[in-house]
Structures are given as structure tokens and as C-alpha cells.
Asks: 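Handing you a structure now.
Quick note on labels: first sequence line is chain A, next is B, and so on, each numbered from 1.
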2 protein chains.
Amino acid sequence: MTKPRSRRGGGRPTIADVARKAGVGAITVSRALREPGRVSEDLRRQIQAAVAELGYVPDPNARALASARAEVFGVLVPSLTNNVFAEVVRGIYDSLSDSPFRIQLGNTHYSGLEEERLLQVFGPQRPAALIVAGIDQTPASRKLLENAGCPVVQVMETGPDPIDMMVGFSHLDGGRTATEHLIEMGYRRVGFIGARMDPRSQRRLAGYRTAMEKAGLFDPRLITTTPVPSSVSLGRELFRDALAKVPTLDGVFCNNDDIALGVLFECHRAAIHVPKTIGIVGFNDLDMMQVAFPSITSIRTHRYEIGRRAVAMALAAIAGGRPQERVVDLGFELKRRESTAR
Amino acid sequence: MTKPRSRRGGGRPTIADVARKAGVGAITVSRALREPGRVSEDLRRQIQAAVAELGYVPDPNARALASARAEVFGVLVPSLTNNVFAEVVRGIYDSLSDSPFRIQLGNTHYSGLEEERLLQVFGPQRPAALIVAGIDQTPASRKLLENAGCPVVQVMETGPDPIDMMVGFSHLDGGRTATEHLIEMGYRRVGFIGARMDPRSQRRLAGYRTAMEKAGLFDPRLITTTPVPSSVSLGRELFRDALAKVPTLDGVFCNNDDIALGVLFECHRAAIHVPKTIGIVGFNDLDMMQVAFPSITSIRTHRYEIGRRAVAMALAAIAGGRPQERVVDLGFELKRRESTAR
DNA sequence: GCTCGGGATGGTAGCGCTACCAATAAGGGC
DNA sequence: GCCCTTATTGGTAGCGCTACCATCCCGAGC
């Protein structure tokens, strides 16, 4: 009666081994691990002892197959190196580190098609929740998310018509606030410089435009953008282009802090005084903004908190109680610094 | 004879549905999907048609359970926001995006214990390969990696005694090269400024020390470090500390580029001339180094390439052929710039 | 004392897939 | 023409776990 045990498996103990050792049924071991409250004190202790002695660890794959639900959070971001998303992801990781949930991270490269592809890969795993960046999913992606059968949180932005839940802030308001600040400080020929120009950047630009038009200062030639990925060196180049185009430029609202830093360095290099000759405002408020010389005014966004909140909302939804507010606006903050202190 | 189909599952088509529709056995469908070469042209076409018609996608959990091997790469890095690791991770993602492998990323927070914990979580999933940052695993982690039953690649550094494979470069040589460059350019009171001081930073410091001692310039008071996480603002503060301690300081080798940028900004603020009064060398050569004013000398490291190479080696090992060289040194490059051009 | 409800425990039957082996057909060498 | 190898296909039996349902026991209620 030698049972052909662990012919395939690596010989790791299974739930049956634990059950045998503890003198209980396998299902009771399963319950003791997942819903300890439903198992008597005595058995629970016996089972715990057996688990410890054998070094038993449940097989997540078997678990996922049997329960038709994997303890995995699927996370989709457009970039892994962009500090903004890295912070969101960090918030997600930190919030999930004590939970049984694993994380599967996908990089969409700012591509809707790639997002669709990744959702098709994530779906069959039956994740416990999905967190996706942005609110501009393709119709196909939207359908996939709606039919995912798990909580979905769109992060980084807020907007009408959430697929399920949302955490973020208004990029349009952010862009408007940044621009209004420049105007308030006396800048008149305020340019917009932006790289990548993903949907969020587009909305910041829309905010810029709103503010400029309201002040009667709008001029399309003040706008300099490119679809090229953002970088500090690109910021420098775009600023030179902008200045060549509009020599009277006296302020710039930058798409993000990298661009702003590039602008600052170019000003140093060309001996353009900041903030007297040119005022600079960035977006996101990376640590370096306050250290730069002169320090750079920026819109502080709460990336880490967005990640944490998204997880909290997803966990609440998994636990059954859909949270009251499905859309959470975490806002932003204008950090006034030397670069606009005329 | 109504079969109680999909009582639990979400009603998604299974391999049996495909087999039925194609008029073949389930196992043949499985083969057609995994080893198309072993199935005849005819059946393959029929099966493909059935797959397409039903929209069948294999269940990765069932697959992992049955084959005792998940199509997952486990990746462990100490930080998600540090650009250096983000680049490595990006290389890994890009290399794996066309493969069937998913990625499970773990954040160790520079903690050996956390690394152990994560390896214990990753292990039971039976990943196809593991990629871990650094070569200073705890003995427990080392054992877990040795017994993981899959290829293991240690990245970011090279060293003796690989667990399995390694891709990286010598941080000691990097630190030495950076310091020698400063000495060569005529700097004498060359300081070392470092934050976080993880094992790699320690080795850069050792390289600094080697170079300074060889030149007869070593003085322990020239070293300023902290275990606090690195940032641009911290760089500024550490530089002020260093200068207060050693007013004759005429050069600094910085642990990384963030610190170097902080030093540069402080020099601007305090009207200290770079490179005349102070020479600055960074480490990693982020994009902004070449844009900074003055541009900052740095040690260029090949982070993205490390990620790509690690995946290539792991895939080769999975395919059966352990690569010739188990330890790959991708080296580094000294980028001479204005900050040390005396 | 008897029935009933609810908590605790276990058995059975899969979840969807693949390893293993068997079976059959198709060629190749003598 | 026969035997053996190779290629192709399928059946069976799990992989390790949990959903579902049955069973059992105890105390409460009448």
C-alpha cells in the first residue's frame, strides 16, 4: 500500500500531511488557516503545531484553482521609471505587505493597446482586485475591467463615470492653479512646456489654457509640446525652442518637474535670471524642487497616498462593504517657492 | 445526463470545450498550445480555430498546479522608487513582455529579513526564475534561493561565489575610478558623501578609500555618511556637514547622483564655484547629470542592460543550456564633465 | 424526554490543466 | 514481408486545494 506520493511535487508537505499529523480532516486544516474562528480552539492549536513542525505553506496555485480566485492584485501603470507612478506603486506595495495578497505589476508604456493586452493576461488569473492608472481606457479595456468580476480602482485622476472606484485629483485644476499663480505673480507671457503629453498632461494643458484665456493672455504660440518621453534634458531643449519662438516669454508652467529642472538649468547656462526674467512652475513637487537653486514652485501631488487609498478601497470592497464614496479626490497643493517670487 | 458544468468557474471556456469543438482530446489541445511542433498541421489549425471561436485562454493557475511550475519570474529589489532599480526592473519587463512569463515584483526595503519573507512567499508559487538584487543575501535567503529549484540571477553587482548566476559590475572599482579621476584632476582634499549606505555603497566607499590611500590622501574625517535614505535634499545637508567638518574640502565623490545634485545646488546657493573650488563626481549617471549646470561628472552604469541580460540568462537556463559564463560583468564608464574640469 | 437549531467536523467531488504511459499509425531497414 | 523505430494521439490519474453537502453532537425550548 505504498502511496505514490509526491511523484511530481517537490516533496513539499501538503494539506493532507498536516491533516494526518494533526489527526483531523484536510478541510479542517484548510478552515483553520483561512477562517480560524470556525474551528475549535483545541484543533486549531493542534493544527498550528503540525503546520509549524512540517513547515507547511499552502500552495497558492492550488488555492487559486480550487477557489476560482487568486490572492493577487493586478496593477497597471504606464511607466515604471517615472517617479510619479513609482510612488503610487510604492504606496500600493506598502499597503499590501502585511496582507496575503501578492502583486502583479504591468507596464503599459502609455499604450492603450498594451493595456488591453495586459488585462487579457491578468483576467484569466482571476485577481482579487485591479488597480489601473488613468481614466482613459479604451472601450475594450473598459469592458474587460467591468467584467473582471473584482473591484477595480482607477488611480491618478478623478472624473465622471468611474468603472468602479477612483482615487486621484483633477489635473485640469492643477494646471489652472499653477498658471493662475504665475499670472498672479505678474508674469504675462506665460508658456506651457510639456513632454509625453499623455491624457493627464493634456488636461493640465487644458487647465493652463483656461487660466490664460480668463486673463486674456492666451496665445497658442506660447505652447510647446512633444510626444517624446519626458526628461530633464528634453526640458532644456523645449525651453530653448520656446524661447526662440517667443523671445518675450517671461514664465513657464512645466508639464512636470523634470522639464522644470531642465528649464532651470538652461536659465543658469544662458544667464537668464529666475525668477526675475523667467518664472518657473513644475508639477508633482519632487524632493529636488525645494533644494534647487533657486527653489522651484510646484504643484504637490499625493502619489503615495493615492496608492495607499486605492488599496484601502479595494480591500474594503473585497471585504464586502463597498465604500460610501466611490470617487475620492485627494487634491493637490501649490508650493510657492523662489522660482516665482518676483 | 446534464453535466453540472461551470458550477464554480465563471463559465469561461476550458480546454475540454476546445477539445470537444475541435474533435480532439484535451491533451492534444494542451500540446498544440505549448509544443505546436508535436501536433500535426491539420489538428493544429482545427484547434486554433476552436480556440479563436471560443475565446479560450488557458487558466494559469490550473497550469501551474498541474505542471508544478508557474510561468512567473520573481523579482526582488530593495526599492521601487530609486531610479537605479526602476531601470533594472524596466529592462526585465521589456525583455519579458513578449514571453508568456508574468512578473512578480517584491520590494525588500533594503532589509535582509524582508527579503527572506518575500522569498518564502515566492517559493511556494514555484516560479520559473528568480532575480534578486545584490549579493549579500542572509544565509537563510541564500539557502532558500539554492533550493528554489529554478534559475537564480543576482543582479547589480558581481562577486565571487554566485548562488547561480550574476550580472552587474564592481562597485568597488567604480568608487575607485571616480576617486582617482578627482585626484587626477588635481583635487586633494576629496570627500566621500553617502546616504543609505547599503552594501553597494559600502563597496563604493571602499573603492574611494583604496584610491585615497594609494595617493596618500586618505583622512577619515573626509568621509560623511548616513544610513538615512538618499535624496537630493539630504545631499545638500550632508555637504554642509562635510564642509563644516573639513573647510578645506576641495572635491566630493558622491554615493549617487541625487546626492551629487544636492551638493551642486548647495554650491550654487553658497556661491562656491564648481569645479574651481569644489569638484563633484556622482554615481549612476542619470540623465540630469549632463544637463546640470555645470554638468556633473558621473560613473555611468548600465542598469537597463543589467535587467535585460539577467532575463536572457534566466531564459537560457530555463531552456536547458546553462550559459557559459555564470558571472557577467557589464562594467561602467566614467563620464567626464564640467564639474571636475578644473 | 423529545425535537430542533446551530456549531463543529468530515467526505466527496471537483477546479482546469498536464505528466505519464499506452495505443495506434506511419515509415525504414533488412 | 516482418520487425523496429518514430511520430501522433488519447486515456487516466492526479497536482493541492476548497465548495458543497452530510453528519454528528450539544444544549435550548417545549
Asks: Looking only at atom types and distance, does a side-chain atom of A:E157 sit under 3.5 Å from a main-chain N or O of A:Q154, one as donor and one as acceptor?
Replies: no
Asks: Check every atom of D:dT18, D:dT9, D:dG16 against the side chain of A:I27 and return the nucleotide holding the closest atom.
Replies: D:dT18
Asks: Measure from CD on A:E35 to P on C:dG7 and round the result to the nearest Å.
Replies: 13 Å
Asks: May I have the distance from A:R126 (atom CZ) to D:dA19 (atom P), rounded to whole angstrom?
Replies: 13 Å
Asks: Compare side-chain N and O positions of A:S30 against OP1 and OP2 of D:dT18 and report whether any pair is under 4.0 Å apart.
Replies: yes
Asks: Does B:R31 reach a base, just sugar-phosphate, or nothing at all? Heavy atoms under 4.0 Å.
Replies: base
Asks: Taking only N and O in the side chain of B:R38, is any of them less than 4.0 Å away from OP1 or OP2 of D:dT8?
Replies: no
Asks: Closest-nucleotide mapping onto DNA chain D: is A:N61 or B:V39 further toward the 5' terminus? I mean the 5' end.
Replies: B:V39
Asks: For B:A22, is there any backbone N or O sitting under 3.5 Å from a side-chain donor or acceptor partner on B:Q46?
Replies: yes
Asks: Between A:V24 and B:R63, which has a closest nucleotide on DNA chain C that is more 5'?
Replies: A:V24
Asks: Taking 4.0 angstrom as the limit, do A:D161 and A:R142 come out as a salt bridge?
Replies: yes
Asks: B:L33 CG to C:dA19 P: how many Å, rounded?
Replies: 13 Å
Asks: Can you tell which of D:dC15, D:dT9, C:dG10 lies closest to the side chain of B:L65?
Replies: D:dC15
Asks: For C:dA19, does either OP1 or OP2 sit under 4.0 Å from a side-chain N or O belonging to B:R34?
Replies: yes
Asks: Round to a whole Å and report the spacing from CZ of A:R69 to P of D:dA19.
Replies: 12 Å
Asks: Examine the side chains of B:T81 and A:E87 and answer whether a donor and an acceptor come within less than 3.5 Å of each other.
Replies: no
Asks: From D:dC17, C:dG16, C:dA19, pick the nucleotide closest to the side chain of B:T14?
Replies: C:dG16
Asks: State which residue, out of A:R102, A:R63, A:R126, fulfils the salt bridge (charged side-chain N to carboxylate O under 4.0 Å, His left out) condition with A:E71.
Replies: A:R63
Asks: Looking only at side-chain N and O atoms, does A:S40 come under 4.0 Å of OP1 or OP2 in C:dT9?
Replies: yes
Asks: Could you check how far CZ of B:R44 sits from C1' of D:dA7, rounded to whole Å?
Replies: 13 Å
